[in-house]
Structure formats: structure tokens, C-alpha cells
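For reference, the structure discussed in these notes is given below.
Reminder, nothing fancy here: chain letters follow the sequence lines and each chain counts from 1.
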Amino acid sequence: MSIKTYSQAIKDVIAEEMRKDDAVFIMGEDIAEAGGIFTCTKGLLKEFGSERVRNTPISEAGFVGAGVGAASCGLRPIVELMYMDFAYLAMDQILNQAAKIRYMFGGNVKIPMVIRGQQGIGRGNAGQHSQSVESLFMHIPGVKVVMPSSPSEAAGLLRTAIRDDNPVMFFEHKALYATKGEVPDDPEYSIPFGKANIIREGKDATVICSHLYVQKALNEAEKLAKKNIDIEIIDPRTLIPFDKTTIIKSVKKTGRAIIVHEAHKIAGWGAEIAATIMEEAFEYLDAPVLRLGAKHCTLPFNLGLENAVVPQQEDISKAVKKTLYIS
Amino acid sequence: MSIKTYSQAIKDVIAEEMRKDDAVFIMGEDIAEAGGIFTCTKGLLKEFGSERVRNTPISEAGFVGAGVGAASCGLRPIVELMYMDFAYLAMDQILNQAAKIRYMFGGNVKIPMVIRGQQGIGRGNAGQHSQSVESLFMHIPGVKVVMPSSPSEAAGLLRTAIRDDNPVMFFEHKALYATKGEVPDDPEYSIPFGKANIIREGKDATVICSHLYVQKALNEAEKLAKKNIDIEIIDPRTLIPFDKTTIIKSVKKTGRAIIVHEAHKIAGWGAEIAATIMEEAFEYLDAPVLRLGAKHCTLPFNLGLENAVVPQQEDISKAVKKTLYIS
Amino acid sequence: MIDKERLIWIYKTMLRIRKFEERALSLFESDKLRGSVHLYIGEEAIAATVCSLLRDTDYITSTHRGHGHCIAKGGDLKKAMAELMGKETGFCKGRGGSMHIVDMSKGNLGANAIVGGGIPIAVGGALAASIKKTDQVTVSFFGDGASNQGTFHEGINLAAIWKLPIIFVCENNEFGISVPVKQSTSVKDISVRSKSYDIPGHTVNGNDVFEINKVMEEAIARAKKGEGPTLIECKTYRWFGHWIGDPQLYRTKDEVEAWKEKCPIKTLKKYFLDEKELSKNELDEIEKVIDKEADDAVEFAINSPEPDPSTVMENVFTDIVNF
Amino acid sequence: MIDKERLIWIYKTMLRIRKFEERALSLFESDKLRGSVHLYIGEEAIAATVCSLLRDTDYITSTHRGHGHCIAKGGDLKKAMAELMGKETGFCKGRGGSMHIVDMSKGNLGANAIVGGGIPIAVGGALAASIKKTDQVTVSFFGDGASNQGTFHEGINLAAIWKLPIIFVCENNEFGISVPVKQSTSVKDISVRSKSYDIPGHTVNGNDVFEINKVMEEAIARAKKGEGPTLIECKTYRWFGHWIGDPQLYRTKDEVEAWKEKCPIKTLKKYFLDEKELSKNELDEIEKVIDKEADDAVEFAINSPEPDPSTVMENVFTDIVNF
Ligand SMILES: Cc1ncc(C[n+]2csc(CCOP(=O)(O)OP(=O)(O)O)c2C)c(N)n1
Ligand SMILES: Cc1ncc(C[n+]2csc(CCOP(=O)(O)OP(=O)(O)O)c2C)c(N)n1
Ligand SMILES: [Mg+2]
Ligand SMILES: [Mg+2]
């Protein structure tokens, strides 16, 4: 085990996988000499050279598409989007091309490609640089959707992503890069997709969350514990594929569920999980599944407003109590 | 009243609004001389001239963005996307620009703009020309989302869209263009956004659907009626804004709900409605809300496969019976 | 320079495309085939000549108007026709149809129903060759309309700065559906746009195999020497409507007839006869063989099974099948 | 030709931008201001000269590096500084911050945090003017990096075929964040890309108000005559890091210092003195006034109220507020 930041964990896995497999390469804006504006590719240029560590022009559709083509032809590109908000500029290449090619081509091509980058609030970057866009990619078939919430998950899930033979959307969170945590030194350490992480066991209500909300939920769990409320916290880790089993099992135990995400509430992934829980565990539910998500509002620049848009830590306890009909 | 097709209804409203308001103009691929490949702009060039009826190059980001700019500067553009699948090419201009400008700019600009076009299956157009993408636009704040299911709704909702001061995503369905129906002759006829349409009253279960599934649900309703099952059918008509009131009222009456759409089930708008119904009418539910939507699979070319992906008419009755615990 | 053998190959290839599409057209008209079918008839010289210079290991990306590219790159007529009919034996097992034909065994990275969508993908193919240090070249085919997409600009710029072994072949057939080039495109010769990337650009008669061959040979040599991309514009014309049933109000019958006079197949046939490279008998024999090949493709396609709906979820991913 | 009055206006405007940003920098460094702040210092000649030729009714679109454009277009320093601080009194009521300043009253259609995102919007502004048959012109400002976005290509092509009254002003400051132009861009002079649209293209010294003025005057005349767009590349340099704290490994201190010697403000000041257009005293007086103006802006911003969180849902739409 080593203590690493989330960004170090990411960089180390990229480097290890590039050492092991010549087919892996990385491209994106400012990732070479500068090492990425969030330092996730620092030092890679020096070790692997400019063929495999490429600065791109500011041409998101162009270089994501080049990743799709390179993947079709046997390479395993990692494409960094500086902000996941910029995925919109490459949306056709992601959702009409990368996601659909294998299927439309009858299985004759595979697209082993990771599109990774950070998203979310926390740096006052305003509306076009603070979104959480993972839900969009959950809806359209053909891409896997990954949400690491800690350094060890960043490492374990990224390794799986790089080795996956399919397009993977890998959503980092800007406010997690500096988080430190233990990461296994095993250069084969990986976390399978589709296995949720039970962060904390509990019996009174299930809180499903990821990214920043894992820590926030843990903080609230302690407070709730003092009031004899014992919550279970589950981080799905991947949205596609999704670990229904673990979540349904938990809800059957607790009878109550709350989903918390930074993405907008309306038509966000919380809706999918809530609807699924209802479909699969209706008779076990003692209260409606609740969802906490960002208001239906562009992320504002001002800090106070920003906080008014996304769920706050205390909202988790409030929601838990609501499902327990405690006022 | 006149009997019109869905496409005629659209064309007539565009023409009427262009006559009334010089600020309204339309642009898109092949909409001028050719009148649009689905004839929704036929004859407009002749009446309004090439300043206000413009063929565009195949540059979706460019001309959608030009719409945003023209709207900022006081015009009321209608932008036709030949297939809504191409919205991905203009995703940044739609979701980062049109949707956010007013908010980010503190309310100092308005973007009265309609982006319209057709989507869906039915013509063997395969994966990149058959999607139903409305759910994506429901999730990101700042655009209204409209789904007309009949000629009169196409007319009434499009008029409201053109007169709305906000960006409106107007989703037509390719398989509806030839549908005929009565359309009021009143050149002021409009349907407000956020008012669901109760297509059929019933007491046993609520079926929420739009586009092609309205007719399919009506067909099944007849069959079910013969078995003394009386369903209520509601077409939300607009997803943003969404008429929660009508739907919750209905579910409180029937105790059962089924949502049917052609969009993919996973993280589709059905999930949002299902989760909302649970939140607001939990204690009235006699069965879990069910969702029917396309499988998590790219739309295939082959007709048999295509039908295997999207909900079939009979699936509606099956789902209704399931919520009634009738086997 | 085109040697006799290659010239005959080009001729046969053009004929193969023509005969294939004539049958596709009649199948469509008799409702045996559905969906979007865009005919390449009239433009055959481009795909045939370009691909006569490529090996199976070289890559191409194709368009919505992709039958010609597929066949010229060595694609099997049977699998192509089966795909058009949505059959399990087609190139894509009936999942893709006319607009999504792929043939990896011949280096065809696939057709694309998004105008301009294939350009960055081709750049990626060339990037793969460059990273792997192979001598593969990539050709990206696209239309005049596609040259107004952002991907054209982004893709060529990428290829130019990275000096990738790729050739951008713009098939300028005067229209994007109903819109004439001059209404959509700010330059007369699209090859002028090469200047934006500091790469060579050529405009040639796209119905003339010798002209196309000359610039392609140069472009391939350049690509293989690591000097980067070339943009080639081939001026041509599609004989049929954009889609079957297209009223074609945007052009006159006379214009179409005049272009039919410039038929690349007829021209090359005349050349063979004039130069006494091939006799009338030999040419008839070629035609007979290809007619048979095309008929066999139709028969194969018609007799092929439909895909089994229970397999519909296969190949969304390489692994997950159930959700 | 620049008359004395306009030249003084340009000088004052450059100074206003400079002084404004110096204060923004120190507020940021003392943690009084957060978010993304991109300084225009060193590049002031472009915005000031270009906007000296525009009226309030003319439009501009701006970028992530937008303070200069906003101020040059007549934007109030107080509202600008308040916006940088996220205050209710800012141009966007604190919703937008540095990267989203807008000022419709002066024809500033807004900054944009998406590189290249403003180009099609500017085309739309010009389209509106064209449809309404006004004589408004639109200027779209963007960087060298933006010239590799698809929107650059699509936007200029649209403007060219529609002969819109618009001028594309590329501020080539040698880098897109850490990436030097020659690593990202396939041409040395970005103005060459005008050839792709059959429009005039000019490369000028972006620190020289006279050079910029000359090509801008031509471009505006052309726009007003209905002859269509012009592409102008202004070569310049940003003195500070891309963001505050940028380690700037991509360039040397010497290089930065050499560019500081080319300071457009210093140059114009020297010109005024050499030509005896303004005395040292007069120049000092100008500076004093602007220093005060900038200080007042800071004070105004600091003393302005934060937005009320209960209003956060306002202006998602013009009408709906509750969901
Ligand atoms: C992104 C996108 N926009 C629009 C279309 C609809 N469309 C299909 S083919 C076509 C015309 C293409 O013109 P061109 O590139 O010249 O190719 P051609 O059909 O003439 O061979 C259009 C607009 C599309 N398929 N994709
Ligand atoms: C679409 C998009 N991609 C990437 C970025 C991140 N980014 C912000 S500024 C910048 C560099 C822009 O370079 P240039 O256009 O030359 O403008 P400059 O900053 O040099 O003024 C980049 C890559 C962005 N904001 N938008
Ligand atoms: Mg064409
Ligand atoms: Mg720059």
C-alpha cells in the first residue's frame, strides 16, 4: 500500500499500463510537456515519448474521433478531455461513433478506448466548466460509465477501463484530485466493473452516492449514528454496467433508499436507480425512494449560489430522516 | 377545423408565424427549394424569400450556433435538424450555449429559438438515424422539451414554441408525418407548455406515453376494455416543463402507472416520471410503476431486430396486467 | 502510370459497382429492400482508381454513399447485398444496412451515416499506422457537403501537424442532397482548402481514372515518406437522386444526361477498344462474369436468413449482454 | 487613419484594461476573487483598436480572455469587477464570473468559456443584422487555439456564403495554454485559412494599433458594402500565465521580457510624446484618472452585495421558475 492522491493514482496506472502494453497511448490538450492541467499525465512524455503522449489541438471532435479510429485499428487510446463539459463538442464521435460502431458493424470491430477527464463543482468555474454529465452517457447504449470516488478506486477502475475492450467514459471529479488515500502497490490491482462498493453497512436506510457525496454521507452517518440511525452507504462505482444486485439486496434489508448525486436531479441517474428499486423491491419499501441532485439550474459562478444548487451534506441526513418519517 | 397531416400542420404554423412576425425565420439543410426532406417547409421559400428561408451547409454546430446568435440579437430562429440524431454535432451549441446563456448572463439575454426535427424508428435508417434523444435534453437545464403526438398538437405546440422566449427542442416523429387529423383553423390556436393531455379517461391504471405510443395505447385500451380493464392514457406533451399535477392526480386515482417510450429505458424520461410518481404518490401505489422503453441497444437496421428493441403494442397490455397482478 | 493489369482491375471494379447497384435499385423499387440507399453510379472511377493503389492492409473510411468504396476495397458482393437486405450473412449481420457496411479484413473501417463523421476516424487509422510504424496508408472518402463539417477542419489539421499517412479524397458530385455546392461552400474548388493546413491540394476530373491515378500516386508516395496528408478533390456527378424517389428539382434532365455521356465505364471501355488493349469479345466476357457475380449476390442475399431477434442484444459491448 | 481623438481613446482604453486587470490579479492573489481569470495584459492593442471602430450597436463576441473586449466595447469597470467577484451588481449578477461577461447595452454578446464557442454565435449576430438590413457589423474575437475548432471552419464558411457583415479577429498569442501554435496548428499564419473561404485574410502586428486599424478599416468597409467577412490575425503575446499560478514551463523568462518591451501602451505613449501629441503632464493626468476609475471599480465590487441564494432559480428560463 502507498498513500497517493487521486491524481497520482491515475497517473501511475496510466504509466504502468503504458509500460505493459505498447498499444496504450494517451492524447489530449496540454497533457504532454505540461503534464495535464490537473497533473494526471505528469512525467509521461519523458518516459514514453511524443508518439505515445500527444498534445492535441483544441479539436475535441477531431481527437476523440481519432481515438475511435486508432481503437478500431488495434490501439488502446486514452483520451483526456480537460473538462467533461467539453464532451458536448465530441458528442457525435462519442455517442454516434464510439458507442455504436461495434453494434452497427455486427461485432466486427471493437473500440477499446477510455475517455477520461474531470467534472463537477468546486473551483468556481461557472456554467460551462462545472457540470456533472455522466447521466447522459448512461442513457445511450454502447459506452461504459465509471465514477471513481477515491484514490484506490481511481487506480483500480482505471486499470479495468484501460483493459476493457469497449469505450469507457471515466468521470473524475475536480475536487477529488488532492484527496489522499491508500492504493495497493500491486501493478495488477483492478476493480471489476459492475460491482458496487458497500462503504458502510447499516440497517435503517440505504444511501447510494458517489464522488464527493461518499465522504459527505460518511460524515452524516456518524452524526446519524449518534441518534441511533444506522445507514448503509453504497457507491455504485460504475453506472454502466450497474450492480443492481447489491443495491436491491441492501434496500430489501433497509426498506429505505436515498440517492445523492451532483448531477441534476431531473432525468439524472438517480431517477434510474429509484425507478429500478421500485420495480425490483416495491414490496420491501417502507418509504418512497428519495433523490437528491442539483436543482434544474445552470451551475452559477458565485460560491453561495453554487452551494444553493447542489445537495449539501446536511441534506443527506434530512432525507434519511424523511424516509424514516422522523421530523 | 381542417384535416391535415402532421407535416402539413407543422408547415402551416411556420408559415402563419412567419407572416405575423418578421423576426421569425427558418434555416436548415435542404429546407429551401426542396422544402425539407419531410416536406415541413414546402413552399416557404417562395412566400418568404431566401433571407428568411435558408438552406445551410452541412454544419450543424455552425448553423445551430448562428441560431443562438440571431436569437440573442432579437430574431426568432427556427432551426431544422434533418434528424435529431444530428443534435450530437451541435451539442455544445445547444447545451453549453443556448441552454445556459440566459442564466450565465444573469437574465440579460433571451434566446427565443426553436430547434426542431424528427427522430425515431420506422424507416430502416439504422443506428445513427433512428434514435429518440429527448431524455438527454430533459436532464440539462435551459431548454424546453416538446413531443407532439398528433397533427393538432404539432400545430398547437409549435405555435407556442415559436412564441416562447426560450430555446425549445421540438421533437417530431418520422413515422407521424403522414398521420392525418383535425387541426383548428384558428391562426392563434396554441397549446400551452406543461399541460398534459388526458387522451382517455380510465380508472384501473394510468398509461403515460407520447408519439407513436399514444395510438398504440389507445388500441390496447380497446382490447383491455373488453376484459373490463379501463385504462387512463396521458400524453405529457412537454417534458420540460412537465405537468406533474395531472399525472399525480391520475395515479392517485388509478393506483397504477406504466410509462412507455421509444427512447431507451435506462436513464430515459420514464425513469424521471416513475421516480416522481413514487416521491409524490407513494402511498397511493398498488403496484410498482412500470417502464417500457427501448432495450439498451443501438437501433439495428433489420426490421425484425428493430421491433425487438422497442416496446411493442402488446407490451402495453402486458404491463397493465402486470400492475394489476393479472397473469 | 497504370499498367494494363491494374487498368483492367479498375474497369472490372467500376463495372462490379455499377452492376451491384443496378440490382440494389431494382430490389428497392420492388420493395425487397428498405432503408436509406444512396447510389454511387456515375462516380465509380474514384473508388476504383483510388483503391487500385491500396493493399488490403491499407485503410479506408467510407460514407453513406459507401457501396462503391466497399466493393473497390475488395468487399464481397454477396455480403454487401445481404447487408443491404438486412440479412444475417451481411457484412454487419444485418445490423448496419447500406449506410454502415464494414469490412475489416480488407481494411474498410466502415461506412458512416453521419456526414463528415468518418474523417476523424480515418485520421485515427493513420495515427495507429504511424504509432505502430507500419507503412499502411489511409484514405478518407467524403463528399463536397462533408467539407463544410467541423470534422473536416479538425481532422485535416490533426493529420497535417502529425504528418500522418493519409489522403483525404473529396468526391465533389455538385450537390449535398438538393443543395448545390456553390450555395453551401465558399470556394469553387474544395482542394483550395488544403492551404489551411499547408498540405498539397489537387482538383481532378473524377471521371478520369488517369487523372485520379496520377495525384493518388503522388499522395501515397508522400504519405509513405512521412510527409503527411494530401487533399484530393474529384469532380464528379451522381446519376440518380440522392435517395430513391428524390424528385430532383435541383437539376435538369439535360444536365444529368450530359453527365451520363461522361460515364467513366463507357470512357474506359472505349479506351480499351481504341488502344486495342482489349477486344469487344473480351469486354463482353468481363461483363458477363460480373453480371453473374451480381446476380449471385442477389440470390445469396435473398436466400439468406434474417437475423434471430433473440440475438439482438449481442455486440452492444464485447462482454455485457444483459441489463 | 486614426485621428487624434480616437488615438487617445485607444490609449485610454488600453490603459483601462491594464489597470483593471492589475487589480483583478492582486485581488485573486489575495484570495478575494476566485474561479478562472485569464489576463489580457499585453494584448490590449487589439481590443482597443478594433473596438475604437465600432459603435454601441455593433456586436462583438468574446472569449474566456474577455475583460479586454468587454472594456474596449464600453463596458463599465464597476460592473465588470463586480462580476469577477461574483457580486449581484456584476454584469451577470454574479452568475457568470470572468468567463461569461455580457453587456448587451454595448453590443457585447458575451464572453464564452468554450474555446471557439462564440464564433457561430457571432455569425448569428451578423445574420440578424443582415436579415434586419441594418448596417451593424459584428466582430468575433478568438484565439489561435480556437482556429483549430470545427466552429471556426463552419462559422466562417457560413459567413462567407451568406456574405455577412462580420470580421473574424484571431488573437494569436503564440499559445493555447501550454501548447505552442506550431505544435497545434498546421499553418504559420492563421490568416492563410481565409483562403478556405475565398475571403481576405491579413496578418498584422497585434501590438501595433496602426496596423490593426488599417486592416480593420478595410474589413469594416467591406462588411458594410455587403461583400462579406474578413479574417484578421493579430500576432501578440500574453504576459502572464494562462491562469494565475501557471508554472509557464513552455516559455522562458527572457521571451516574456522581450515581449514586454513591445508593450502597446508604452509604444503609444512614446508616440504621443515623440509626436508631441500629448505632454507628459497630460499623460500623467490620464493615468491618474484611470487609476482612480479602476480603484473605484474595486471598491464598488468589494462593497457590493452577494447574490441572494433564494434567487438561484431565476433566469433558467424567462418564465418557469419552479420545477
Ligand atoms: C451530420 C449529418 N448531417 C446531415 C445528414 C443528412 N445527409 C445525408 S447525405 C447528405 C448530403 C451529403 O452531401 P455530400 O457530403 O456532398 O455527399 P453526397 O451525398 O453528395 O455523396 C446529408 C445532408 C447526415 N447524414 N449527417
Ligand atoms: C472547447 C474547449 N476546449 C478546451 C478548453 C480549455 N481551454 C481554455 S483556454 C484554452 C486555450 C485557448 O487558446 P487560445 O484560443 O489560443 O486562446 P488564449 O487562451 O491563448 O487567449 C483551453 C485549451 C476550453 N475552455 N474549451
Ligand atoms: Mg455531394
Ligand atoms: Mg492563444
Next item on the list: Inspect the surroundings of NZ in A:K195 and state if more than 12 heavy atoms from other residues, nucleotides or ligands are less than 6.0 Å away.
Entry: no
Check: Above 12 or not: heavy atoms from other molecules or residues under 6.0 Å from NZ of C:K32?
Finding: no
Margin query: Is the shortest side-chain heavy-atom distance between C:E154 and A:E60 below 4.5 Å?
Written below: no
Item checked: Among A:I111, A:I240, A:I58, A:V143, residue most engaged with chain C (heavy-atom pairs, under 4.5 Å) -> A:V143
Note to self: Can you give me the closest heavy-atom contact between C:G125 and A:C73, atom names plus distance?
What the structure shows: CA-SG, 3.7 Å
Note to self: Can you tell me which of C:G155, C:G117, C:P307 forms the most heavy-atom pairs within a distance under 4.5 Å of chain A?
What the structure shows: C:G117
Notebook entry, point to check: What are the two closest heavy atoms between C:C92 and A:N108, and how far apart are they?
Noted result: CA-ND2, 4.4 Å
Check: So how far is it from C:T151 OG1 to A:Q93 CD, rounded to the nearest 0.5 Å?
Finding: 7.0 Å
Check: Do other residues, nucleotides or ligands put more than 12 heavy atoms under 6.0 Å from C:K87 NZ?
Finding: yes
Note to self: Heavy-atom pairs under 4.5 Å with chain A - which of C:L127, C:T138, C:I156 has more of them than the others?
What the structure shows: C:L127
Item checked: Side chain proximity check, A:R54 to C:W162, heavy atoms < 4.5 angstrom -> yes
Note to self: Is there a side-chain contact between C:K132 and A:D22 in this structure, where contact means two heavy atoms from C-beta onward sitting under 4.5 Å apart?
What the structure shows: no
Checklist line | Gap between atom NZ of A:K110 and atom CE of C:M104 - 0.5 Å precision | finding: 10.5 Å
Checklist line | Closest heavy-atom pair and its distance - C:L158, A:A66 | finding: CD1-CB, 4.3 Å
Notebook entry, point to check: Are A:R102 and C:V316 side-chain neighbours, meaning at least one heavy-atom pair lies under 4.5 Å?
Noted result: no
Notebook entry, point to check: With only heavy atoms counted, which part of C:I119 is less than 4.5 Å from chain A, the side chain, the backbone, both or neither?
Noted result: neither
Next item on the list: Check whether C:Y59 gets within reach of chain A through its side chain, its backbone, both or neither, counting any heavy atom under 4.5 Å.
Entry: side chain
Notebook entry, point to check: Taking atom OH of A:Y284 as the centre, does the number of heavy atoms from other residues, nucleotides or ligands within less than 6.0 Å exceed 12?
Noted result: no
Check: How far apart are the closest heavy atoms of C:F317 and A:K144, and which atoms are they?
Finding: CE2-CG, 3.6 Å
Checklist line | Side chain proximity check, A:V109 to C:V102, heavy atoms < 4.5 angstrom | finding: yes
Notebook entry, point to check: Is it the side chain or the backbone of C:N157 that comes within 4.5 Å of chain A heavy atoms, both, or neither?
Noted result: side chain
Next item on the list: Using non-hydrogen atoms and a 4.5 Å limit, figure out which bit of C:L109 sits close to chain A: side chain, backbone, both or neither.
Entry: both
Check: Is the closest side-chain heavy-atom distance between C:H153 and A:S59 below 4.5 Å?
Finding: no
Checklist line | Among the listed options A:S72, A:P57, A:P141, the residue most often paired with chain C at heavy-atom distances under 4.5 Å | finding: A:P57
Check: When only pairs under 4.5 Å are counted, which of C:V123, C:I320, C:T61, C:I161 shares the most heavy-atom pairs with chain A?
Finding: C:I320
Check: Which one of A:F63, A:Y103, A:F242 has the most heavy-atom pairs closer than 4.5 Å to chain C?
Finding: A:Y103
Notebook entry, point to check: Which value, rounded to the nearest 0.5 Å, describes the distance between C:I131 atom CD1 and A:R52 atom CZ?
Noted result: 8.5 Å
Item checked: Per-residue contact mode, C:A111 against chain A (heavy atom under 4.5 angstrom) -> backbone
Note to self: Using heavy-atom distances under 4.5 Å, tell me whether C:S130 contacts chain A through its side chain, its backbone, both, or neither.
What the structure shows: both
Note to self: Is A:D164 close to chain C through its backbone or its side chain, or both, or neither, when contacts mean heavy atoms under 4.5 Å?
What the structure shows: side chain
Next item on the list: Name the member of A:I101, A:D92, A:T56 that forms the most heavy-atom pairs with chain C at distances under 4.5 Å.
Entry: A:D92
Next item on the list: Pick one of side chain, backbone, both or neither for C:Q136, based on which atoms fall under 4.5 Å of a heavy atom in chain A.
Entry: neither
Notebook entry, point to check: What part of A:N96 lies closer than 4.5 angstrom to a heavy atom of chain C: side chain, backbone, both or neither?
Noted result: side chain
